[in-house]
Each structure stands twice: as C-alpha cells, then as structure tokens.
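A quick write-up on the structure given underneath.
These numbers were taken from a predicted model, which means no experiment stands behind them. Numbered from 1 within each chain, the chains take letters A, B, ... in sequence-line order.
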Number of protein chains: 2
Amino acid sequence: MAITIKDIAEKVGVSVTTVSRVLNNRGYLSDSLKTRVHQAMEELNYQPNELARSLSRSKSNVIGLIIPDISHPFFAELTKHIEYYAYKKGYKLMLCNSLLDKDKEREYIDLLRASQVDGIIMGSHTMSVNDYMSIKLPLITIDRKISSTIPCISSDNYRGGEMATQLLFQKKCKKIAYLSGNLRLNMLAKQRYDAFVDLVTLEKVEHVIKQTNLNGFNYKEYEELVAELFSEHPDIDGVFASSDMLALQVIRECRRRGKKVPGQVKVVGYDGILISEMDELTTIRQPIKEMGKLSVQYLADLIEGQNPPLDTILPVQLVERSTT
Amino acid sequence: MAITIKDIAEKVGVSVTTVSRVLNNRGYLSDSLKTRVHQAMEELNYQPNELARSLSRSKSNVIGLIIPDISHPFFAELTKHIEYYAYKKGYKLMLCNSLLDKDKEREYIDLLRASQVDGIIMGSHTMSVNDYMSIKLPLITIDRKISSTIPCISSDNYRGGEMATQLLFQKKCKKIAYLSGNLRLNMLAKQRYDAFVDLVTLEKVEHVIKQTNLNGFNYKEYEELVAELFSEHPDIDGVFASSDMLALQVIRECRRRGKKVPGQVKVVGYDGILISEMDELTTIRQPIKEMGKLSVQYLADLIEGQNPPLDTILPVQLVERSTT
C-alpha cells in the first residue's frame, strides 16, 4: 500500500496539516520540524504525488483579488474576510481595484500572472467570457457565473429579490420602486431585479425601475437617482434598493422631503453591511463572511489540484429593522 | 561630464521617466523601446549608478500595505487611493489587515520581507519602536511618527482638533463630550484629543471624555459607548467625535432619544469619509486622497534611493453641514 502523508504525520507525531505545510513550505516551520518530517519521509520511502510536487514547487503563496472598488463597504467587508482566511491558510493577498475598467482588469490579470500568483478570486466582472477562459490559472468568481468549468460563489439573489418584494407587499405598498446600479452588467445580482419584476407582474402592483448609468459606485450619482425618483413619482410608498448604500440614500432623501420612513415610505436594502445595522435598515443580508471564507477555501482546493463545487449558492436572510 | 539618463532620453526621444522605467524594468515596455534605450546606453557609454542598479535588480515591484481594518471606511478609502497610485507607478499592492493584533502585524512584516516586497506602508501601529527599527526595508508610516529617520505622512491632527472644538464653542455649546477610540495607542490622532483638552481647559468649558476600551473597530462597542454617554450626561449639548463612524453613532442615539440634531445636540465628526457627505455630517476632512498619493510617491522615492521629506503634515478642512 502506498505511503501517505497520514503515515508521515503519525510517525512524526504531528497533524496531517503540519506535514502538508512542510511539503508545501507554507507558513512558519521550525528547522527541527522540517528535518523530522523529511527524515520520516526518507525512512518510509514516501513518494509525493508528482502533480502535487510540481504545484508545490511553483507556489508563490500569493493569491490575487480583483474587485471593483474597495471603498464600497460591501467589497471592503468581503475583502476583510478574504484576507483573514487567506492569511489563515498561509496565503498573502494581492489587492487589485479594477474601478470597473475593462482594460485595468485585463492588465491586472496579466500582472498577476507575471507575478506567479497561485490563483485569482474575481469579484469584478467587466471582461468577456473569452477573456476569462484564457486566464489559465486557478480561478474562483464571486457573483458571476462565467462558464460551467469555473467555480462560482454567490448568495441566492433571486430568493433575496423575492423576500424584499414580498415584504413590501405584506406592508401594503401600492407603488414600489426598484433601484439599482447598472443592470446591463451581466452579474448574478441582476436576479434580484428578475425576482422583483416577476412578482410585481404576477401581483399586478404598480412599479418603477430606476438604474444608474455608471458602471462604478458614485454617491453623487446615487443621490441624483433618488432625487429624480421622488420628483417624478411623489406617490412611491415602497422602495427596494439593490444595495444598502442606495437604501441609505433613499432614507436621506425621504428625510429631506419630510417623508416619514416607514410611515409614508418603506425601504428595504440589500447586502447587510455593518452600516445597515447602525442605521437600523431593513435589508436582505448576504452571508459576506461565508462568501469570503469559501472563496479562499475553494481557491486553495483548486490550487492543490482538488475539485471544489462548481456552483455554491448561499442562503440569504431577511433582517427586519425600523425602515419597513 | 558623466552621462545621465537625461542624455539617454534625449537620444532616444522619450521622457526621462520612460528611460527610468526601462532601467528599473517597471510597467509595460515594448521590446523595441527596451532595445532602443539599451542601444543608446551602449553608444553613450552610460554607467548606471551602482546602488540604483542593485536596487533595480532586486525589485519585485510589490509594496506591502499594513492597516488595522479594511472594513473601516477611512482605511477602505485610503487603500483605494494607495492602490490607484501604486498601480500608476507600476507597483502591485499586497494587503495586510492586522486587526490591530501585534503578533499578526509582526508576522506580516516577516512575510512581506520573505516575499521580497520593495517597501512597506504602515498604517497600523501596535508594535514597539524597536520592532519598527528592525524592519530594514523602505518604510513610510501614516499617522504615527516612529523615529526621526522614518518618513511619516499625516494630516494636521492638532489643528483639526482645534477647529472642531472651536466650532462647538461658537455654536454656544455648554457641555461638550469628546469621544474616541483607544487613546493609549500612541498615534498622532491623539493630538485631536490634546487640542480639545487644551481649549476646554483654557475656556473653562464643562466637558466629558469617553473612549472605547478595545483597540479595534467594533460598531456595537461604539453604540454602547454613546448610549452610556447620554445616560450619564443627559445635558450634553455638543459632541466632538474623533471619527465620522463614531459621530454617526451619536446622531443615531440622539434620534433614538428624541434629541434634535443640531437643535439640542451639535455633532462634529472627523475624517471626511464619503458617508459623512451622505449623512450631511459636519466634520473635519482629512485629505485622504493626498495622504494615499504621497505615501506611495515617497515610498517609491525611498525605493529608488532618494530622500523624501521626513515629516509631511497635510492641512485639514472644516466642512460644515447640517449637524452643527
């Protein structure tokens, strides 16, 4: 029977993880530990898997993270969790802020490849599917399904859209607005919009749809979008905003116009960022921490030659607070 | 007279910066450009400075950024600008979130050194001065002066503290609270507190000082701190919060207690993060973009063997909005 690292671990009296760390030269390892592990390997005549060895030889222990904008709280929180779990697994994190610029995104991928990162987590999605397919590095995407071969992590956007819309129905809203960033971006977040449209159509509820023109995040743009909504439709009594930052802008605009929230206008956000709690916003909470954790774990699996799930859709949660 | 890169640039018909990029192998360079520069160097018998050459040989074009918590909006915005300018200068950014854990901070410095980063920007400050002095890599600190030899970038914290306190005086506040994170951390931000204490003592204004016990950022902790303040001192009519996030918590608590802002309580924040604008918060705005830009520029100078200024104190600005 072939000798495995479990046998080595038993002989040395350490965990399998520790032996694996020695083999991959990852994390902090004392010289004495390394010597003991290598001696045990020799004594047991351990033959490491060639693929694993070639992978370990070329490992930089760096992963690249490409996101649209670190100053947006959703991405800041996601990055915090990704950094935390990457560090725990012995990876360093290279941060790439694409600012939703297609050229910068592509240039960053070239740069990351040249720096021999072990893999990439993509949370920014302006490139074409072909561009993605040509990356040829372990790759995990967040919130965008590129192809049947690239693992994707997301939360249940359609269900989140349903929950938000249904809550506004329950609260007897008669004219509901859906607010979002650019819907043309082919992201899974668009499913929130799909769920909204399906439900208001089915229930024949009057509705308005507003989106920003920009690809990026711009608070001034949000402000104008929301002001425009209430000028054109002063009778809106429910708003489903596709991000908490947009929802906070709605609440601010209501305050400015003397409209009571939730008395006259009910507002539901999306994301569940920390600030939504501070501002007692009703929202659909994405499992941001879990998304960060799994994206690191599955990327590490890919790097080590394993096959993580191709589709991971995490549940979302309705958090009712004081704005509905 | 010695041949300089200016001569090479003139001969090739490109800028000095371009020649410097070729010498340092930085950024995107076409093969034809590289050939032309190297030919000109040979023809003019250019002898690059040995120090510069040895520096350029070992360059990884990666800089490390160590901050306490990327999910705090101030650091998220600062990081966005640092990433932007680093990218422009051909550097990639390795993000290290210390979570204000001294061991993680020190371990990260070892990791960064092992990864042969070209330099480090430190925005997290839990280590001792000796730990810093032993880094032996180009180093820029933000908001903490470590020694007379390590360049530091900050904004004028004392002046900011004065401006906030004086505004509350002008608004006729009779009992003013100063709220902050842990004052024991030896950061320049403590000067905001010093300015506050100097002025309330001079003007004999009644005051209260409250700080969180934790080193980290925790919104729940902020919430409790603010609730405690108003329970113990219901007659507070002015608050100077040392961050916008804390100030927003004060406004929320006032809303909950039915206290009008600015009618009954005036609130000044600090930082000037994007959300302060959304929430129409009066604040002291730090030049976050400029701080990010200069930290990258001065680190690049250090890496290239130049001597950037040791002390850079940028001006702050009072932004009066609707909470005072």
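- Ranked by heavy-atom pairs under 4.5 Å with chain B, the list A/Thr79, A/Ile275, A/Leu274 is led by A/Leu274.
- To the nearest 0.5 Å, atom OG of residue A/Ser71 and atom NE2 of residue B/His81 are 7.0 Å apart.
- Within a 6.0 Å radius of OH in A/Tyr108, other residues, nucleotides and ligands contribute more than 12 heavy atoms.
- You'll find the side chain of A/Asp279 reaches within 4.5 Å of the side chain of B/Asp279, heavy atoms only.
- Note that the CD1 atom of B/Ile70 and the CG atom of A/Leu78 stand 11.5 Å from one another [nearest 0.5 Å].
- Of the two parts of B/Gln249, the backbone and the side chain both hold a non-hydrogen atom closer than 4.5 Å to a non-hydrogen atom of chain A.
- Heavy atoms from other residues, nucleotides or ligands lying under 6.0 Å from CZ of B/Phe74 number more than 12.
- Considering only heavy-atom pairs separated by less than 4.5 Å from chain B, the leading option among A/Glu77, A/Glu277, A/Glu223 is A/Glu277.
- Within a 6.0 Å radius of NZ in A/Lys289, other residues, nucleotides and ligands contribute 12 heavy atoms or fewer.
- Counting non-hydrogen atoms of neighbouring residues, nucleotides and ligands closer than 6.0 angstrom, the NZ atom of A/Lys293 reaches no more than 12 such neighbours.
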Salt bridge (charged side-chain N to carboxylate O under 4.0 Å, His left out) evaluation trace for B/Lys80 with A/Asp69: CA-CA 7 Å; B/Lys80 175 184 180 164; A/Asp69 186 345; 3.1 Å; yes
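- Of all non-hydrogen atoms in A/Met278 and B/Met245, the two that sit nearest each other are CE-O, 3.7 Å.
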Verdict with supporting geometry, B/Lys104 and A/Glu83, salt bridge (charged side-chain N to carboxylate O under 4.0 Å, His left out): CA-CA 12 Å; B/Lys104 199 177 173 195; A/Glu83 196 273 353; 3.1 Å; yes
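- Contact check for B/Glu107 versus A/Tyr87: side-chain heavy atoms found under the 4.5 Å cut-off.
- In this structure, CE on B/Met94 lies 4.0 Å from CE on A/Met94, to the nearest 0.5 angstrom.
- Top candidate by heavy-atom pairs under 4.5 Å with chain B, chosen from A/Leu95, A/Leu65, A/Leu112, is A/Leu95.
- Of the atoms belonging to B/Leu248, heavy atoms from both backbone and side chain fall under 4.5 Å from chain A.
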